[in-house]
Amino acid sequence: MRVSKDPAVRKNEILDIAGKLFAEKGFDQTSTGEIIAQAGIARGTLYYHFQSKEEIMDALVERTTNELFTAAKQAADDLSLPIFQRFIQTVLALRLDTSAEEGQDMMDFVHRPQNALMHQKVQAAVVKEITPVLTRIVEEGIEQGLFQTEYPYEAVEMAMIYANTVFDAQELASSEEMKVQRVNGFFYLLERMLGVEEGLLAKEMEGMFD
């Protein structure tokens, strides 16, 4: 006899199981039949919540990024912090590896070659959702004379795209020397794009990519 559960609970259970299977086998090598079997549900129950395996992946991306975006937006809205710290804390909130073991597991999951599509979707969502959030902070900084740029949105967007692409766990693992060089180069360019005093933002962001 199958146990009737709240739809939201059942949906999250399906996502948990699908996420584990995607992590173990990869998205392409995981079948909906395996998800159904491990979830202990009828095929109709799966299709009640998700029309396809692609919808399951999109829901996993949405669930993961929503958690990140909530934390990032809370940091951005913390008016008790100075502008630079709000900017830094908003960016730090986007790191999947800052939420203990669960976050580390998810970071390992999205960085695996077999989950490249999910990785791309997460990166695209981060750029789309967080660029406007950071832009508002920069615009406040412009009003306070801390930032000097005529293109706050474009500067933040370029920084987000670069950081998303280059500061990838796998990319930075190539060598410590390359890691330091890329971080220093990122700070150098970011300060100039945002019109910040040289070395000031870099100092505030020390340890961010350790």
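Remember, predicted model here, so these are calculated numbers, not experimental data.
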NZ or CZ of Arg192 within 45° of Tyr188 ring axis and under 6.0 Å: yes
Shared hydrophobic cluster for Leu81 and Ile88 (ILVMFWY, side-chain gaps under 4.5 Å): no
Donor-acceptor contact present, side-chain Thr65 to main-chain Ala125, <3.5 Å: no
Stepwise side chain to side chain contact (heavy atoms under 4.5 Å, CB included) check, Glu197 with Glu191: CA-CA 7 Å; Glu197 180 183 340; Glu191 288 171 346; over 6 Å; no
Residues, nucleotides or ligands: over 12 heavy atoms within 6.0 Å of Gln148 CD: no
Interatomic distance, Ile41 atom CD1 to His49 atom NE2 [nearest 0.5 angstrom]: 7.0 Å
Salt bridge Glu139-Arg136, side-chain N to carboxylate O under 4.0 Å: no
More than 12 heavy atoms of other groups within 6.0 Å of Glu154 CD: yes
Pairwise distance CZ(Phe22) to CG(Leu15) - rounded to 0.5 angstrom: 9.0 Å
Gap separating the OH atom of Tyr47 from the CZ atom of Arg43, nearest 0.5 angstrom: 5.0 Å
Nearest-0.5 Å distance that lies between atom CD in Glu34 and atom CD in Glu24: 9.5 Å
Greater than 12 external heavy atoms within 6.0 Å of Lys11's NZ: no
Polar side-chain atom of Gln38 near backbone of Ile35 as donor-acceptor pair, under 3.5 Å: no
Heavy atoms from other residues, nucleotides or ligands near NZ of Lys20 exceed 12 (cutoff 6.0 Å): no
Spatial distance of atom CD (Glu62) from atom CZ (Phe69) [nearest 0.5 Å]: 10.0 Å
Nearest non-hydrogen partners of Ala93 and Leu68, listed with the distance: O-CD2, 3.7 Å
Plane angle bin for Phe87 and Phe147 - parallel if under 30°, tilted between 30 and 60°, otherwise perpendicular: tilted
More than 12 heavy atoms of other groups within 6.0 Å of Gln144 CD: yes
With Val127, the side-chain contact (heavy atoms from CB on, under 4.5 Å) member among Val122, Ile161, Val156: Ile161
Neighbour count >12 (heavy atoms, 6.0 Å) for atom CD, Glu55: yes
Validation row: Val133, Asp77 side chains within 4.5 angstrom (heavy atoms): no
Qualifying side chain to side chain donor-acceptor pair (under 3.5 Å) pairs with a residue from residues 81-92, counting only residues at least two apart or across chains: Arg86-Glu140
Asp28 and Lys53 ion-paired at < 4.0 Å: no
same_hphob_cluster(Ile130, Tyr153) at 4.5 Å side-chain heavy-atom cutoff: no
